[in-house]
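Step one of this worksheet: look at the structure below.
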Amino acid sequence: MKIAAISGSLRAGSSNTAVLRAAARLAPDGVEVMQFEGIAGLPFFNPDLDDDNVPAPVGAMREMIGSVDGLLISSPEYARGVAGVLKNALDWLVGSHEFPDKPVALINTSPRATHALAALRLTLETMSARLATDACLTLPLLGGAWDEHSIAADPALAEPLRVAMERFAAFISTVQA
Ligand SMILES: Cc1cc2nc3c(=O)[nH]c(=O)nc-3n(C[C@H](O)[C@H](O)[C@H](O)COP(=O)(O)O)c2cc1C
């Protein structure tokens with residue numbers, strides 16, 4: 001089973017990117033989590049370019065989405081909204097045939113960031129994602145200097161993350177059965 005992880009933060013020390021890398025380490029056997037690194041290289045969404053010849057980075061992202069069984073997304077909240085880079089990537093997927101019905105789980109690294117999470121859920125529902133609600137998780141990483149190693153080594157963080165990944169893999173298996 002393959003899962004793509006998408007972080008909405010471009011920050012080098014990003015907690016959202018760190019938690020996705022930790023999730024890859026804690027995923028059940030047989031589940032490969034690959035980090036999508038191309039989000040910053042996507043052009044701004046333009047419906048005029050959303051035709052049979054989409055820009056190469058968009059085509060590559062769509063191909064990647066088509067090749068995985070599920071998506072794991074973690075995004076910061078900026079000004080009570082979803083990070084622009086993530087929303088831009090999702091806008092490029094609205095018209096794709098790869099995205100609809102794709103299983104998606106969300107990780108939120110800040111308990112106070114409720115607005116972006118709600119907006120992201122609404123967008124994903126609108127895009128016909130299959131949201132794995134039981135596998136969505138909020139962890140209190142805001143303000144800490146976390147990396148994938150320290151998250152994976154802290155039982156209070158690693159255990160719920162491990163369970164969330166197990167639940168997400170089970171959800172994907174059920175959807176595909
Ligand atoms: C410009 C800016 C706006 C922000 N707006 C909010 C906000 O509206 N609500 C919130 O809870 N946090 C807000 N934050 C805090 C970020 O969501 C928080 O620092 C987040 O953990 C950053 O994620 P990262 O560590 O992956 O980069 C904001 C941060 C920045 C830089």
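Counting starts at 1 for both ligands and their atoms, following the listed order.
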Mark up the atoms of ligand 1 that fall under 4.0 Å of a heavy atom belonging to [X], in ascending order.
| X | result |
| --- | --- |
| L142 | 18 (C), 19 (O), 21 (O) |
| R11 | 24 (P), 25 (O), 27 (O) |
| R80 | 7 (C), 8 (O) |
| A79 | 3 (C), 4 (C), 5 (N), 6 (C), 7 (C), 8 (O) |
| N16 | 23 (O), 24 (P), 26 (O) |

Mind checking whether [X] has an N or O less than 3.5 Å away from an N or O of ligand 1?
| X | value |
| --- | --- |
| R112 | yes |
| S15 | yes |
| T17 | no |

message: Minimum distance, heavy atoms only, to atom 22 (C) of ligand 1: which one of P76, G8, A18 is it?
response: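 Closest candidate by heavy-atom distance is P76.
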query: Is R62 paired with D50 through a side-chain N to carboxylate O contact shorter than 4.0 Å?
result: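 Looking at R62 together with D50, the answer is yes, because their closest N to O distance falls below 4.0 Å.
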message: Counting C-beta onward and ignoring hydrogens, is there a side-chain heavy-atom pair between D69 and I3 closer than 4.5 Å?
response: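 D69 vs I3: side chains apart.
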For residues 118-144, please give each side-chain donor-acceptor pair under 3.5 Å, one per line with the distance, not counting sequence neighbours.
residue	atom	partner	partner atom	Å
T123	OG1	A119	O	3.1
T126	OG1	L122	O	2.6
R130	NE	D101	O	3.3

task: Looking only at protein heavy atoms, identify the closest one to atom 2 (C) of ligand 1 and say how far it is in Å.
output: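 Looking only at protein heavy atoms, the one closest to atom 2 (C) of ligand 1 is Y78 CD2, 3.7 Å.
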Distance-only donor-acceptor hits, side chain of residues 152-159, under 3.5 Å, sequence neighbours excluded:
residue	atom	partner	partner atom	Å
D154	OD1	A156	N	2.9
E159	OE1	R162	NE	3.1
E159	OE1	R162	NH2	3.3
E159	OE2	R162	NH2	2.6

